[in-house]
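Side-chain atoms are counted along with the backbone in the values below, which use heavy atoms only and exclude waters and symmetry mates. Convention: sequence-line order gives letters A, B, ...; per-chain numbering from 1. Bear in mind the structure is a predicted one, so any value in this text is a computation, not a measurement.
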Amino acid sequence: MLQQTQVKTVLERYYFPFLQQFPTLQALAHASLDEVLKMWEGLGYYSRARNLHKAAQMCRTELPKSAKELELLAGIGTSTAHAIASFAYGEALPILDANVKRILYRYFALKEAKPSELWSKSYELLDASNAYDFNQAMMDLGAMVCTPKNPQCPLCPLADACQGVGSPHDYPTPKPKKQKPIKTPYILVYQHGEKFALFQNHKRFLGGLWGFKQSDSKPSKSKKIGEITHHYSHFGLKCNVLLSSDAIEHKHWFSLKEIEALALSGVDKKVLALLVV
DNA sequence: AAGGCGTGGAC
DNA sequence: TGTCCAAGCCT
């Protein structure tokens, strides 16, 4: 859950409800993907949920206890494997999250660096006699002192040895930001009496989540009921929402009450809000 | 090996 | 208001 997501968000809204619903690895493994995604709804990066579900099934009974084996599980890369191994099982391995990366870039005055170089520096700094505290301290330092904006160099315990002290914003060299494309499909809400047609995504994008139909072409008979704007990580959405009573051939129709049980993306949540008003 | 992959906090 | 960015991983 914490991959690319702030601790505050996870702790306040997702961690405890998820553990209550799936108290054990077995419970998670035996749950349906729909159930897992429902508990993940709104957290984003849903491949994490799909991978976590898969990882639970790969584990069978028990979580592996070495970083080497942990890394074989779906959705667990080097940093997460090292985090689990150092925090839970006492292995002397460094992590490489956004906080640590930022510290390394500044501490070693790196304009740019490949992941392998950052890992090398990370091992170089690691206090192997206490990896738990070291890793925790690095993340805390990055979160509280060596921050992206307004870093507090005068307060930093590493200031003496840091090669980037005083000019932290020089490291790394910022990458040119390319602007996100804006897509403008129509969102089509098919209504049949009290029921609505929803579709489950079968590709990687929002995979497994349910949502209303999107189409690049406008159906002849439909009524505009609103507009939706949304910003994903790699593109924007700006679309008209159309209500249609066309008798389409479709297997999955749901009442508003039944839709509550489905996992929907942020966009489809916004569409749903238009229907409830 | 860049780019895909969500959402909301913080400013 | 827009912009940056977060306990990264996968392809």
Base, sugar-phosphate, or nothing: which does His231(A) touch, judged by heavy atoms less than 4.0 Å apart? base
In whole Å, measure the gap between the C1' atoms of dG9(B) and dC9(C) for me. 22 Å
Less than 3.5 Å between a donor and an acceptor, one on the side chain of Thr5(A) and one on the base of dG6(B), is that the case here? yes
Aromatic ring proximity Phe212(A)/Tyr186(A), centre distance under 6.0 Å: no
Could Lys175(A) and Glu112(A) be called an ion pair, given the rule that one side-chain N must be under 4.0 Å from one carboxylate O? no
Would you please indicate yes or no on a ring centroid separation below 6.0 angstrom for Phe254(A) and Phe196(A)? no
Opening and closing nucleotides of DNA chain C in contact with chain A, under 4.0 Å to non-hydrogen atoms: dC4(C) to dC10(C)
What integer number of Å spans the C1' atoms of dA1(B) and dG8(C)? 16 Å
Work out how far the P atom of dC10(C) is from that of dG8(B), and round it to whole angstrom. 24 Å
Near DNA chain B, under 4.0 Å by heavy atom, which residues of residues 78-85 of chain A? none
Write down the distance separating the C1' atoms in dG6(B) and dC4(C), rounded off to the nearest Å. 15 Å
Lys270(A) side chain to Thr229(A) main-chain N or O, any donor-acceptor pair under 3.5 Å? yes
Closer than 4.0 angstrom, basic N to acidic O: yes or no for Glu258(A) and Lys195(A)? yes
In whole angstroms, the gap separating P of dG9(B) from CG of Leu43(A) amounts to 12 Å
Donor-acceptor pair, Asn51(A) side chain versus Ser47(A) backbone, under 3.5 Å? yes
Give Gln136(A) one of three labels, base, sugar-phosphate or nothing, depending on what nucleic acid heavy atoms sit under 4.0 Å from its own. base
Taking the inter-plane angle between the rings of Phe87(A) and Tyr132(A) on a 0 to 90° scale, is it parallel (under 30°), tilted (30 to 60°) or perpendicular (over 60°)? perpendicular
If you compare all heavy atoms of Leu93(A) against all heavy atoms of Ser86(A), which two are closest, and at what distance to 0.1 Å? O-CB, 3.8 Å
